[in-house]
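The structure appears below as structure tokens.
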Amino acid sequence: MDVTRDNFKEVLPIVTEAINAASFICIDGEFTGLSNGTYNVTAYDSPEDRYFKIHCNTENFLLLQFGMCTFCWNEELQKYKIQAFNFYIFPFRSSMQGVPDRIFSCQSSSLDFLTAQGFDFNKAFKKGIPFLHQNEESNVRSALEEKQVFRENAYKSPGKGSFHNPRNSSSFQSPMTKGSPTPITDQKTKDFTDGVIKQVQVFLEEETSDELVLEPCNSYLRKILFETLPRVFPDKILVEGRTDEQTYQRHIVVVRGASESIKKAREQLAREREEQELQDAIGFSVVIKLLSECQKLIVGHNMLLDLIYTIRQFFCPLPPCLEDFKSLVQCVFPNLLDTKLMGSMLPFKDLLTTTALGEMNTRLREAPFKPSDVDIPGKYNVATAETQNENLHEAAYDAFITGTAFLSMVNHLSSYQNSSKPNHVTSFTSLQNLTSPYINKIFLMRSHDIPYLNLAGADLTPSRDHVFYIEFPSSWKASDLRQLFSPLGQISISWINDIACFVGLYNKGQAKHVKSLMKSDAAEPCLFRITTYNEYKADSVSGFYSTHSQHRIWTKQNVHNNITASSGSTIPLSHSLSFTSGLQAASITGHSDVPASSNRKRSSTKEDNDFANSKKFFGEPKLKKQKSQEECAYDIENCNIEVVTNSPLHKADESKKESPNNLANLLSDSSFSENMKSKNSSTSDAPMFEVPNEW
């Protein structure tokens, strides 16, 4: 069911009932962008670094579509009743004081992707459901209460005009005039005021209606009328203000009668209308509150971005610290399960060739899996799987097949138990013994050795003694790095920027020989610098968290607090430093027009040849004459090599030009599928895991 601003009020009771009755709930989201390119996500990010990078990279993007599918076990029919809701989200303009006029970003590749999937942008932009997170709601409610108190006091002041908003958009209280009225100094204003007085006289004489709506006018003329009309017609009228819902123009409204009963009735009506306007502005946030309060199991697929966008947009700004983020998520959604992680673990990793959502769901409908009997909702109830998959990347459909995939995996896990009766998911507690290894663990994309983010505890800390941080000239390509490390065997490269990357050795035993790659002659500095991963991280912790923590004021006890930071500032993940003093002396920069991809293909430019032109300082790197493994061992035994360690964290100079992500390079970039969050892409490089101890 598509839910927009037009039918949201009508559908909300159905949504509430479905959430309350659900055995578990599946969610999915579609966004205006996935990464602004502030930071490169690498395969060797720590969980703290990965969270910080995603937090910075997704700022100002908007969640446009939220899919929710509730699964409720029907004991009588012995099948699951499913209700699917496709919410279109968009911040609409409001004249209520405190409602923000939002500014958001769009990423062209993301919009192109949504367009290719048939996303209805007109429906989202024209009829999207508005929202306020909790801090914004609190600010709007405080402003509304102040206005109501001011208006109530104004009604009690004899001879003073007052106004409120009995319908349509919110109103703003005009200041009550004390003492002499504002003098009218020009004839045009006097003629306008006299004309309005005549209109009111006719209105009072005819007695055909209870109110007179005057033509829109500017704030000065409205002030004159608020002061003049109650004085000319004492105890006969009330003067109110109103904003037209369509044009947002301000009107003066004259109400017949000024008795206490009429005043109280109008004030009560105004309060009711204003509360309704506030609820309209809160909009879709009500649904997220219901999901949080129900404490049900929330299931998603590759759901880290879904969580980040949902909490930031509908609850509160994200904290800068990972541990605070975990506490916040546990407050909002205490029971989460990621089917992408579940499919990557035993026993499923040996049975699934991919964990991409569409292909995984298709495979889970085949033997040896046993799909559950479900009541397929609405337009998804079609004849063939091929036709069903045409709905992929519609948020509600992705939530639906996430749920059916989850049920198939739960049924398969039940087959390992000594029970002939299937284990139906009737509530979260009914499947805790089966799913406990996966609860509150969120899949991390493109991470070599940390497969998930543990929201309920400490994250994995694998040994990275075989991983090294290397800085090098901007002209170097992946082939140069592989040639440099060729004596040590195969390597994996994870780019940080154009002049730095992580290198991981496939043969971890060769890590002790990496020092032999550095030149021993101090008079001829190397064109590259290598440091161990642990030393890199030690510098990172001392340089990053000490400066970053000063911006943190959010605590897990209070999810209503804002996060404050300097306007327009970005807290760096590392210090900016050129990697050798010799490079600074040679005035070498690394301007690159190519993103840091695994191919590293680029045309030769003057900037790229700066290292070659500066060989009077350093000499050419003789990559084709690298030492053999035996020579490396000899150098180590005879202490001929000095290890270069404790390299400062490197981030490209802010003065460097960012590499544009043109389409050709973007399509060749190995991180493209992550940036697109394509759940249909291959995940053959997904990490595999052992059977959990809980089994």
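This chain uses plain numbering: 1 for the first residue, then up along the sequence.
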Problem set entry | Shortest non-hydrogen separation from Ala22 to Cys72 and the atoms involved | CA-CB, 4.3 Å
Seminar exercise, completed: Between Thr32 and Ser105, the two heavy atoms sitting closest are OG1-O, 2.8 Å
For this session: Using modelled atom types only, decide if a donor and an acceptor are shared between the side chain of Arg250 and the backbone of Gly241 within a distance under 3.5 Å.
Result: no
Problem set entry | Pairwise side-chain contact, Ile25 with Cys294, heavy-atom cut-off 4.5 Å (strictly under) | yes
For this session: Could you tell me whether the side chain of Phe104 reaches within less than 4.5 Å of the side chain of Cys106, counting heavy atoms only?
Result: yes
Exercise. If you measure from CG on Leu455 to CG on Leu336, what distance do you get to the nearest 0.5 Å?
Worked result: 6.5 Å
For this session: State which residues pass salt bridge (charged side-chain N to carboxylate O under 4.0 Å, His left out) with Glu136; sequence neighbours excluded, sorted by chain then number.
Result: Arg102
Seminar exercise, completed: Hits for side chain to side chain donor-acceptor pair (under 3.5 Å) against Tyr51, two or more places apart or cross-chain, chain-then-number order -> none
Problem set entry | Cys26 to Ala399 - nearest heavy-atom pair and separation | CB-O, 3.2 Å
Exercise. Can you tell me if Asn335 uses its side chain to pair, donor with acceptor, with the backbone of Gln295 under 3.5 Å?
Worked result: yes
For this session: Let me see the working for Glu59 and Arg312 under salt bridge (Lys or Arg N to Asp or Glu O under 4.0 Å), right down to the final yes or no.
Result: CA-CA 9 Å; Glu59 282 185 321; Arg312 179 169 55 204; 5.8 Å; no
For this session: For the pair Asp306 (side chain) and Asp28 (backbone), establish whether a donor and an acceptor sit closer than 3.5 Å, ignoring hydrogens and angles.
Result: no
For this session: Check side chain to side chain donor-acceptor pair (under 3.5 Å) between Ser292 and all other residues, then give those that pass, not counting sequence neighbours.
Result: none
For this session: Report yes if the side chains of Leu114 and Glu30 come closer than 4.5 Å at any heavy-atom pair, otherwise no.
Result: yes
Exercise. Could you give the distance from CZ (Arg50) to CG (Asn57), rounded to the nearest 0.5 Å?
Worked result: 10.5 Å
Problem set entry | Aromatic ring proximity Tyr452/Phe443, centre distance under 6.0 Å | no
For this session: Over all heavy atoms of both residues, which pair between Leu337 and Met342 is shortest? Give the atoms and the distance, please.
Result: CD2-SD, 3.9 Å
Exercise. Can the ring centroids of Tyr536 and Phe502 be said to lie less than 6.0 angstrom from one another?
Worked result: yes
For this session: May I ask you to check whether Gln148 and Glu274 show a side-chain donor-acceptor distance below 3.5 Å?
Result: yes
Problem set entry | Residues Phe8, Tyr88; criterion side-chain contact (heavy atoms from CB on, under 4.5 Å); working and verdict | CA-CA 10 Å; Phe8 179 67; Tyr88 285 86; over 6 Å; no
For this session: Scan Leu322, Leu341, Leu307 and name whichever one has a side-chain contact (heavy atoms from CB on, under 4.5 Å) with Leu453.
Result: Leu322
Problem set entry | Side-chain heavy atoms of Met68 within contact of Thr70, under 4.5 Å | yes
Problem set entry | Close side-chain approach of Met96 to Val140, heavy-atom, < 4.5 Å | yes
For this session: Scan Thr310, Leu291, Asp338 and name whichever one has a side-chain contact (heavy atoms from CB on, under 4.5 Å) with Ile298.
Result: Leu291
Exercise. Can you find a side-chain donor-acceptor pair between Thr339 and His301 that sits under 3.5 Å?
Worked result: yes
Exercise. Counting N and O atoms only, with roles assigned by atom type, does the side chain of Gln313 sit under 3.5 Å from a partner on the main chain of Leu63, one being a donor and the other an acceptor?
Worked result: yes
Exercise. Could you walk me through whether Lys53 and Asp45 pass the salt bridge (Lys or Arg N to Asp or Glu O under 4.0 Å) check?
Worked result: CA-CA 9 Å; Lys53 289 179 178 181; Asp45 287 332; 2.7 Å; yes
Problem set entry | Minimum-distance pair of heavy atoms, taken over all atoms of Lys340 and Ala356 | NZ-N, 4.2 Å
Problem set entry | Side-chain donor or acceptor of Asn7 paired with backbone N/O of Glu10 under 3.5 Å | no
Exercise. Counting distance only, does the side-chain N/O of Gln65 pair as donor-acceptor with the main-chain N or O of Gly29 below 3.5 Å?
Worked result: no
Exercise. Is the shortest heavy-atom distance from the side chain of Phe66 to the side chain of Ile129 under 4.5 Å?
Worked result: no
For this session: Please test Arg141 against Glu146 for salt bridge (Lys or Arg N to Asp or Glu O under 4.0 Å), starting from the C-alpha separation and ending with a verdict.
Result: CA-CA 9 Å; Arg141 193 173 291 280; Glu146 290 179 5; over 6 Å; no
Problem set entry | Polar contact flag, side-chain donor to acceptor under 3.5 angstrom, Asp49-Ser46 | yes
Exercise. At what distance, to the nearest 0.5 angstrom, does CG of Asn139 lie from CG of Leu132?
Worked result: 9.5 Å
For this session: For the pair Asn86 (side chain) and Met1 (backbone), establish whether a donor and an acceptor sit closer than 3.5 Å, ignoring hydrogens and angles.
Result: no
Exercise. Are any side-chain N or O atoms of Thr42 and backbone N or O atoms of Ser494, one a donor and one an acceptor, separated by less than 3.5 Å?
Worked result: no
Problem set entry | Note: Arg5-Asp280 ion pair, threshold 4.0 Å (strictly below) | no
Problem set entry | Test side-chain contact (heavy atoms from CB on, under 4.5 Å) applied to Asp398 and Leu357, step by step | CA-CA 8 Å; Asp398 285 359; Leu357 182 58; 4.0 Å; yes
For this session: For the residue pair Tyr44 and Ile450, establish whether any side-chain heavy-atom pair is separated by less than 4.5 Å.
Result: no
Exercise. Measuring from Thr38:OG1 to Asn36:CG, what's the distance to the nearest 0.5 Å?
Worked result: 3.5 Å
Problem set entry | Of Phe315, Phe31, Phe61, Phe314, the residue whose pairing with Tyr309 passes ring-ring contact (aromatic ring centres under 6.0 Å, His included) | Phe31
Problem set entry | Over 12 foreign heavy atoms within 6.0 Å of CD, Gln279 | yes
Problem set entry | Enclosure of Lys81 NZ (heavy-atom neighbours >12, cutoff 6.0 Å) | no
Problem set entry | CG-OG1 distance between Asn60 and Thr58, expressed to the nearest 0.5 angstrom | 9.0 Å
For this session: Decide if the gap between the ring center of Phe119 and the ring center of Phe121 is smaller than 6.0 angstrom.
Result: yes
For this session: Mind running salt bridge (Lys or Arg N to Asp or Glu O under 4.0 Å) on Asp459 and Lys326 for me, showing each step along the way?
Result: CA-CA 11 Å; Asp459 290 302; Lys326 290 182 179 182; 2.6 Å; yes
Exercise. Any donor and acceptor pair, going by atom type alone, linking the side chain of Asn20 with main-chain N or O of Thr16 inside 3.5 Å?
Worked result: yes
For this session: Return yes if some donor-acceptor pair links the side-chain N/O of Lys441 with the main-chain N/O of Ala456 below 3.5 Å, else return no.
Result: no
For this session: Evaluate the ring pair (Phe, Tyr, Trp, His ring centres under 6.0 Å) criterion for residues Phe24 and Phe406: first the C-alpha distance (whole Å), next the side-chain angles of each, then the deciding distance (0.1 Å), finally the verdict.
Result: CA-CA 10 Å; Phe24 66 93; Phe406 170 65; 5.1 Å; yes
Exercise. Are the aromatic ring centres of Phe52 and Tyr39 under 6.0 angstrom apart?
Worked result: yes
Exercise. Is there a side-chain contact between Arg446 and Val41 (heavy atoms, below 4.5 Å)?
Worked result: no
Problem set entry | Smallest separation among heavy atoms of Asn40 and Asn497, with atom names | ND2-N, 4.4 Å
Exercise. Can you tell me how far the CD1 atom of Ile89 sits from the CG atom of Leu62, to the nearest 0.5 Å?
Worked result: 9.0 Å
For this session: Report yes if the distance between the aromatic ring centroids of Phe87 and Phe284 is under 6.0 Å, otherwise no.
Result: yes
